[in-house]
2 protein chains.
Amino acid sequence: MLEAAEALKFQPSVLARSLRTRTTFTVGFVVPDVASPFYAAALKGAQGALEESGYRVMLMNSGQEVAGEVTALQTLLNHQVDGLLLSTTGISASRFDETVGRRGTPCVFFDSMLEGAGAGGVRIDNARGIDLLVDHLVEHGHTEIALLAGSLEETSGRERLDAYHLAMERHGLTVGPDRVRVCRWSQEAGRAETNALLGLANRPTAIVASSAELAVGCLAACRERGLHLPGDLAVVSFDDPYFGALLEPSLTAVAYDAGAVGSVAASLLVEAMREGHTRRELSIPVNLVRRRSCGCEDA
Amino acid sequence: MLEAAEALKFQPSVLARSLRTRTTFTVGFVVPDVASPFYAAALKGAQGALEESGYRVMLMNSGQEVAGEVTALQTLLNHQVDGLLLSTTGISASRFDETVGRRGTPCVFFDSMLEGAGAGGVRIDNARGIDLLVDHLVEHGHTEIALLAGSLEETSGRERLDAYHLAMERHGLTVGPDRVRVCRWSQEAGRAETNALLGLANRPTAIVASSAELAVGCLAACRERGLHLPGDLAVVSFDDPYFGALLEPSLTAVAYDAGAVGSVAASLLVEAMREGHTRRELSIPVNLVRRRSCGCEDA
DNA sequence: CTGTTAGCGCCTTCAG
DNA sequence: CTGAAGGCGCTAACAG
């Protein structure tokens with residue numbers, strides 16, 4: 001075959017094909033900060049799943065602000081991406097509609113979502129995770145449980161906060177004033193807010209950190225104050241970092257598959273791009289990893 | 001102006017423009033594993049710098065193997081990217097030339113590079129980093145110093161290994177057999193190789209880990225064996241992870257700006273895409289962070 | 001200096 | 001069933 005022989009070297013132009021067919025086989029991926037371990041893992045998962053289905057991924061950082069998010073979406077839409085994977089920093093429904101709704105590009109949200117918008121979403125099972133953490137602290141006899149809540153801009157922050165209130169209520173526990181610390185998702189914020197908590201008149205006996213970064217910051221503050229954990233204070237974390245077993249004390253945490261968040265979201269998106277609109281929401285399971293920071297013994 | 005009024009809503013088609021001008025303002029970014037903290041940080045740095053210059057980034061995972069790397073490059077070239085940012089897993093010069101050389105797309109390597117190829121490269125100052133680590137251990141009186149070398153597929157692994165031999169020689173120290181452990185860049189490999197090291201007839205009194213993952217694995221092995229650090233064994237690491245201060249003992253390490261590796265590489269690439277071929281190599285500085293795992297006291 | 005035209009490389013339609 | 005032609009939206013070259 002002459003064709004076969006040529007095929008070896010001939011590469012059809014993706015650009016011309018896209019111009020003609022109005023399909024780019026490219027998906028836009030937008031997160032607040034790719035360097036964060038969670039988003040990096042989700043990106044890897046999504047990239048893998050998309051590549052298997054023949055899609056390429058174009059990456060944008062929204063830089064933790066709505067303006068950046070809108071710009072990113074616009075750039076991506078200009079590039080005529082076939083779909084969007086988005087962990088929002090808090091775009092409004094109207095802003096979202098006027099940006100991507102007009103063009104009708106399928107969008108799957110993950111981790112932090114705009115309720116009811118787009119072609120669906122994938123979330124971590126935040127409620128269950130917080131329940132696991134609070135229940136376990138209660139099993140250890142704690143009643144004075146505080147929360148390093150992280151930011152309420154993202155749904156994951158809000159869901160974890162809500163679940164905390166519900167769990168406390170379920171156990172008949174009251175949430176004292178100042179016991180909930182809303183802050184940025186950083187180690188430094190975790191340190192500062194833990195110091196605030198420990199400076200309280202009736203300080204808590206246990207702290208739930210809404211992320212690994214916050215937990216690490218919390219441990220730093222404890223170490224600075226010379227606290228002995230878990231005796232003086234129990235600490236548990238939503239997120240099980242890979243070095244969790246080697247911290248001092250080793251960290252009791254809720255673990256989940258961050259890569260799966262990305263790959264499942266990608267599957268949903270591929271489906272939406274192919275079949276059309278079948279809005280679906282999925283949730284990634286979590287499980288409790290017991291270590292020493294809660295008062296358990298190491299396995 | 002009618003034009004101005006329309007301009008608000010009208011978005012020229014990037015695709016048609018690209019087809020016509022043969023310029024996509026898109027850059028391909030290829031790494032073995034985006035989920036690894038270093039590559040994620042480099043990606044963020046690169047993305048930021050590229051965006052400022054009007055470029056978009058298309059991401060590909062090579063999955064730690066040459067085949068994946070070639071596929072990734074081909075996909076990217078099909079998309080007519082204007083430039084490439086690549087941390088290679090060991091593609092050969094001939095393979096590289098026949099894949100990207102033909103088309104002449106500028107390529108800047110970073111971290112792990114193909115010597116002499118492409119439009120330049122950015123590396124971490126591996127030699128200086130290892131010198132800092134070995135010198136410091138010698139200051140503490142160590143002479144029996146082993147190396148968790150990581151993989152030799154990447155230039156960073158090879159450079160760190162070479163620097164280790166040179167540094168040992170400079171101090172008149174001999175490197176016993178089995179004192180250098182070549183392995184994958186994973187926590188598990190670090191654990192396994194540390195166990196091998198500790199099982200040796202004359203075990204080392206100090207270990208240099210070529211990456212944070214290896215160091216964490218090393219600490220895990222030590223803990224399992226009930227070793228008291230830094231008394232029984234000193235451990236230092238090339239890479240300063242953000243939780244380094246909270247490990248037990250806190251980790252003495254060589255730190256550097258991973259984001260800068262990406263952004264500097266991106267700048268070099270932008271220059272190459274605009275001006276043409278001015279091959280340049282740059283190196284990112286490192287510094288020693290003294291903590292307790294080497295035998296120092298915490299600050 | 002402004003307005004028109006001819007492709008960029010492909011896919012899809014229509015004619016043969 | 002095979003083959004030629006038009007156009008996707010843009011820009012560069014050219015004519016007025």
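Throughout, protein chains are lettered first and strands after them, A, B, ... in sequence-line order, and every chain is numbered starting at 1. This structure is a prediction, so every number in the text was calculated from the model and none was measured.
Side-chain contact between A:Val261 and A:Phe38 is present, with at least one heavy-atom pair separated by less than 4.5 Å. Within the 4.5 Å cutoff, the side chain of A:Val34 has heavy atoms near those of the A:Leu59 side chain.
The side chain to side chain donor-acceptor pair (under 3.5 Å) with B:Trp185 is formed by just one residue from the set B:Glu213, B:Glu154, B:Gln64; it is B:Glu154.
Less than 6.0 angstrom separates the ring centroid of A:Phe29 from the ring centroid of A:Phe110.
Rounded to whole Å, the distance from CZ on A:Phe25 to C1' on C:dC10 is 14 Å.
More than 12 heavy atoms of other residues, nucleotides or ligands lie within 6.0 Å of CZ in A:Arg158, so this atom counts as buried by the packing criterion. The environment of B:Glu52 atom CD is sparse: at most 12 non-hydrogen atoms of other residues, nucleotides or ligands sit within 6.0 angstrom.
Shown here are the ring-ring contact (aromatic ring centres under 6.0 Å, His included) partners of B:Phe109, two or more places apart in sequence or in another chain: B:Phe96.
Using five terminal pairs a side, the axes of the helix from C:dC1-D:dG16 to C:dG16-D:dC1 at its two ends make an angle of 60°, given in steps of 10 degrees.
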Inset, instruction - Assign a letter to each nucleotide of nucleotides 2-10 of chain D from its 5' end: B, base within under 4.0 Å of a protein heavy atom; S, sugar-phosphate only; -, no contact. - result: ----BBBBB

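Using cut-offs of 30° and 60° for the angle between ring planes, the B:Phe243 and A:Phe243 rings count as parallel.
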